[in-house]
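Working notes, beginning with the structure itself.
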Amino acid sequence: MKANYLDELNERQREAVEHIKGPLMIVAGAGSGKTKVLTMRIAHLLRNGVDAFNILSLTFTNKAAREMKERVEKILGGSEARNLYIGTFHSVFARLLRAEAHRLGYPNDFTIYDSDDAKSVLRTIINEQNLDDKHYKPNLVYNRISAAKNSLMGPEEYQVDYGVQQEDMRANRPMVGKLYDMYAKRCFKNGAMDFDDLLYKMYILLKGFPEVLHKYQHKFKYIMIDEYQDTNPAQYEIIKLLGAAHENICVVGDDAQSIYSFRGATIENILQFEKDYDDAKVVKLEQNYRSTKSILNVANEVIGNNKGQIEKNLWTDNSEGEKIKLVRTMTDNEEGKFVAETIAEQRLRNHYANKDFAILYRTNAQSRSFEESLRKKAIPYRIFGGTSFYQRKEIKDFVAYLRITMNTQDEESLKRIINYPVRGIGKTTIEKVVVLANDHNITMWQVLERAREFGFKAGTLEAIENFVVMISSFHAMLGKHNAYDIALQVGKSTNLVKELFNDKTTEGLARYENIQELLNSIKEFTETPTEDGELLEKTLGTYLQQITLLTDADKGSEENSDVVCLMTIHAAKGLEFPVVFTVGLEESLFPSGMSINSREELEEERRLFYVAITRAKARLWLTYANSRYRFGQLVNNESSRFLEEMPEKYIDRSYAGGGSVRNSPGSGLWGNSSAGGGGNMFDKMQKKAPAQAASPRPMPKPAGTAGAASTHVPSPNFTPDDPALMEAGMEVEHQKFGFGTILQMEGAPNNRIANVVFPKGGGEKKIMLNYARLMIVKK
DNA sequence: AGTGTGCCGCTTTTT
DNA sequence: GCGGCACACT
């Protein structure tokens with residue numbers, strides 16, 4: 001360890017690092033060296049005689065945990081760092097629960113259900129109850145249950161809590177409480193916990209078993225919490241319990257970056273800290289080392305529109321830098337094209353590498369147009385987040401075998417693979433098994449094991465017995481073989497791998513590769529030495545527990561590869577990039593249409609915008625499109641209200657539309673760019689008259705659109721007409737294909753299809769009127 | 001019993 | 001515009 005490590009810190013940072021005993025809150029503005037302080041503080045603790053085994057450091061994402069581990073290792077040199085307990089809330093608690101779950105009546109090898117598994121269990125229950133799953137949407141019920149657990153409310157309390165019951169009654173969903181109760185019981189029976197249980201049951205455990213609480217209080221004498229502003233009540237209470245004995249709690253947070261209230265996080269926790277611990281020391285880190293003055297000033301001004309913040313003044317010594325570039329395009333595709341072209345240009349002009357660029361968006365669905373345009377220009381990229389690797393069908397199938405091997409109670413997994421690949425145990429048989437299990441009060445697996453007693457048909461019985469023999473043979477390997485050996489055996493016996501190998505379609509090939517990747521990851525897992533504070537055996541159980549908590553952003557692979565990063569703003573928190581494109585700055589997209597109905601929600605969107613801006617070190621582009629496809633339908637959006645909150649002084653509104661850049665010879669960049677529209681491109685930016693909202697879809701008339709040949713610009717007064725009115729012979733307008741004539745009508749009355757010929761829009765097309773809508777021009 | 005087709009709902013954000 | 005799911009067809 002370097003002797004002078006404290007010299008690298010500024011005064012405030014040093015103050016935070018040197019405060020070892022007692023509660024400490026670090027209010028760390030964006031880019032103020034938070035991670036540095038956290039890692040240095042760990043080093044400093046060790047320097048001062050604290051045993052690494054006694055330090056617990058909790059983060060929200062695996063990425064953050066990994067980064068912290070690596071940086072501590074760099075300071076300390078590997079061996080001592082290994083004894084630290086660093087991880088996400090969920091992974092750390094999962095590990096502790098694996099040691100203690102039996103006290104709560106769960107198997108220690110309990111299965112962890114991800115949200116898809118959980119919703120699937122709920123769907124089953126909702127159907128069993130003969131409730132309409134249109135009304136009791138599994139997603140919605142899941143969210144209610146999740147919110148309840150995150151505020152430490154069990155099924156019993158839920159069903160008698162007046163406020164909660166009122167809410168459910170008002171929403172006309174009186175059965176949610178009952179469903180919660182049944183869901184909890186079903187998970188228990190399956191030997192499974194969902195994500196929220198990892199927190200909720202941890203709390204129950206610590207609260208209900210003083211000797212367990214005492215044990216971990218004694219073990220974790222020093223606790224550090226990153227992103228404290230994102231903790232929910234469950235996490236808050238657990239931290240309080242664990243820290244109560246020593247009160248060596250160090251929390252780091254920034255109220256301006258609180259963006260997870262939808263997951264139950266409450267900003268109150270950070271505001272409350274000083275009240276909870278009256279001897280708490282508070283250190284504010286206000287110097288930003290990351291961004292230019294332009295970027296930081298814009299960020300500060302934007303966030304100033306929020307009320308009730310912890311007072312702080314974020315400043316920087318960095319140069320002023322370039323202005324923030326604001327870009328408007330006609331469509332989402334053109335937005336993608338613009339960003340790809342700008343990346344190519346910036347790479348040359350300023351010698352950036354691919355990995356210096358990030359494209360940040362509000363919703364995962366937006367990634368598509370950027371993927372396409374980057375691929376066209378052969379710019380390597382990687383999408384972080386989105387559908388996780390472990391959520392893919394083929395992976396879930398394979399993992400279901402591993403889960404059932406570990407935990408035969410897990411009926412969710414059992415149902416998934418009992419007839420996959422096909423082995424003659426069909427729907428009727430499964431239903432029969434479910435009924436038998438209920439009647440005899442045993443698990444489905446036990447019914448299968450004793451199938452002979454229950455009078456199945458000979459063929460079916462044979463199929464069942466073969467299945468039971470196979471799974472039992474996997475099960476028998478548990479004590480003697482590591483995860484990889486078992487996985488290989490599963491692959492062989494089930495024919496899963498062979499089946500996918502023989503599938504020569506593109507998707508089949510991709511699936512085969514995914515399975516290979518899964519097997520590789522298991523191999524890697526078994527061969528990598530243990531790195532955490534406790535001896536972690538390389539068993540199937542530990543492996544399964546880990547992967548459910550991983551998202552594909554964590555999928556070990558070449559972390560440092562040179563690629564453009566695409567991710568949601570949420571996923572970008574804690575990261576920084578020299579050049580950032582924040583895209584899709586449109587009303588109802590960002591801020592999200594779901595979040596414009598209350599001040600609280602809107603302020604969270606604004607904090608999200610703040611996070612997006614402050615990811616940028618040197619250059620920042622903000623883009624938005626006039627119209628984009630949503631649900632396969634073209635919609636027009638106004639520019640985001642946030643754009644109007646930025647100080648003019650630091651904004652370059654002419655970048656994409658201005659003449660000088662366009663004329664630059666040889667670049668070929670702007671000539672075919674879609675940004676066309678000339679100087680008046682931003683005319684609607686300045687104000688949004690409230691009156692406009694009432695009139696149907698006002699469209700700014702674009703002048704001289706470059707993309708007009710391929711994209712029809714709808715009439716200003718475009719209003720779709722009722723499909724029932726459409727008749728052959730009418731002249732109509734389509735938002736994308738332009739004007740056309742209906743040749744013929746077909747389809748059922750509630751799903752009418754028009755055969756329309758569009759002279760300028762690509763000839764004859766069948767238009768499903770329920771989706772793509774038409775306006776009648778002439779009858 | 002297994003495979004194929006059509007329909008519905010969906011998009012905030014994540015462990 | 002897609003994927004998951006229900007139903008219908010063989």
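For clarity, every value in this text was computed on a predicted model and none was experimentally measured. Labels below follow one simple rule: chain letters A, B, ... track the order of the sequence lines, proteins then strands, and each chain is numbered from 1.
- Within 6.0 Å of CD in A:E462 there are 12 or fewer heavy atoms belonging to other residues, nucleotides or ligands.
- Taking the side chain of A:F195 as heavy atoms from C-beta on, and the options B:dT11, B:dT15, C:dC2, the nearest nucleotide is B:dT15.
- Remark: P of C:dC2 and CZ of A:R392 are 16 Å apart, rounded to the nearest angstrom.
- Taking the six-membered ring where the residue is Trp, the centroids of A:H570 and A:F384 are separated by 6.0 Å or more.
- When rounded to the nearest whole Å, the span between CG of A:D332 and P of B:dT11 equals 19 Å.
- Between A:N139 and B:dG9 there is no side-chain N or O to OP1 or OP2 distance below 4.0 Å.
- No engagement by A:R607 is indicated, since no non-hydrogen atom pair under 4.0 Å with the nucleic acid exists.
- Comparing B:dG2, B:dT14, B:dT15 by their nearest atom to the side chain of A:T88 picks out B:dT15.
- With 3.5 Å as the limit, one finds a donor-acceptor pair spanning the side chains of A:R98 and A:Q545.
- Here A:F60 lies in heavy-atom contact (under 4.0 Å) with sugar-phosphate atoms only.
- In summary, the aromatic rings of A:H90 and A:F60 are positioned with their centroids too far apart to meet the 6.0 Å limit.
- At whole-Å resolution of the value, NZ in A:K119 and C1' in B:dT11 are 11 Å apart.
- Atom CD1 of A:I547 is separated from atom P of B:dT15 by 15 Å (rounded to the nearest Å).
- For the OP1/OP2 pair of B:dT15 and a distance below 4.0 Å, the side-chain nitrogens and oxygens of A:N150 include no atom meeting the criterion.
- Relative orientation of the A:F590 and A:F609 rings is perpendicular, given thresholds of 30° and 60° on the angle between their planes.
- Side-chain proximity of A:N419 to B:dT11, B:dT15, B:dG2: nearest is B:dG2.
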Can you tabulate the close N/O pairs, meaning under 3.5 Å, that link protein atoms to atoms of nucleotides 6-10 of chain C?
none

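- Here the nucleotide nearest the side chain of A:R368, chosen from B:dT14, B:dT15, C:dG1, is C:dG1.
- Taking the side chain of A:K134 as heavy atoms from C-beta on, and the options B:dC8, B:dT13, B:dT15, the nearest nucleotide is B:dC8.
- One atom, CG of A:D116, and another, P of B:dT14, lie 14 Å apart when rounded to the nearest Å.
- By the 4.5 Å heavy-atom criterion applied to side chains, A:Y113 and A:D116 are not counted as neighbours.
- Counting to the nearest Å, the P atom of B:dT15 and the CG atom of A:D196 are 13 Å from each other.
- Among the atoms of the strands shown, none is found under 4.0 Å from any heavy atom of A:F89.
- Residue A:R630 places no side-chain N or O under 4.0 Å from the OP1 or OP2 atom of C:dG1.
- Rounded to whole Å, atom P of B:dT13 lies 11 Å from atom CD1 of A:I569.
- Judged by the 6.0 Å distance and 45° axis criteria, A:K396 is not positioned over the aromatic ring of A:Y390.
- Helical stems of DNA chain B (runs of at least 3 Watson-Crick or G-U pairs, donor-acceptor distances under 3.5 Å) are listed by first residue: B:1-9 with C:2-10.
- The side chain of A:T428 sits closest to B:dA1 out of B:dA1, B:dC10, B:dT14.
- Between A:N514 and A:E394, the side chains place a donor N or O and an acceptor N or O closer than 3.5 Å (distance only, hydrogens not considered).
- When each of B:dT14, B:dC10, B:dT11 is scored by its nearest atom to the side-chain atoms of A:K137, the top-ranked nucleotide is B:dC10.
- Between A:F262 and A:Y260, the distance from one ring center to the other falls under 6.0 angstrom.
- Relative orientation of the A:F93 and A:F89 rings is perpendicular, given thresholds of 30° and 60° on the angle between their planes.
- A:T231 and A:N269 are linked by a side-chain donor-acceptor pair at a separation below 3.5 angstrom, with hydrogens and angles left out of the test.
- Which of B:dT11, B:dT14, B:dG2 sits closest to the side chain of A:T568 comes down to B:dT14.
- Closest-nucleotide positions on DNA chain B for A:I259 and A:G426 were compared, and the one nearer the 5' end corresponds to A:G426.
- The CD1 atom of A:I425 sits 10 Å away from the P atom of B:dG2 (whole-angstrom rounding).
- Across B:dT13, C:dG1, B:dT15, the shortest atom-to-atom separation from the side chain of A:S115 is found for B:dT15.
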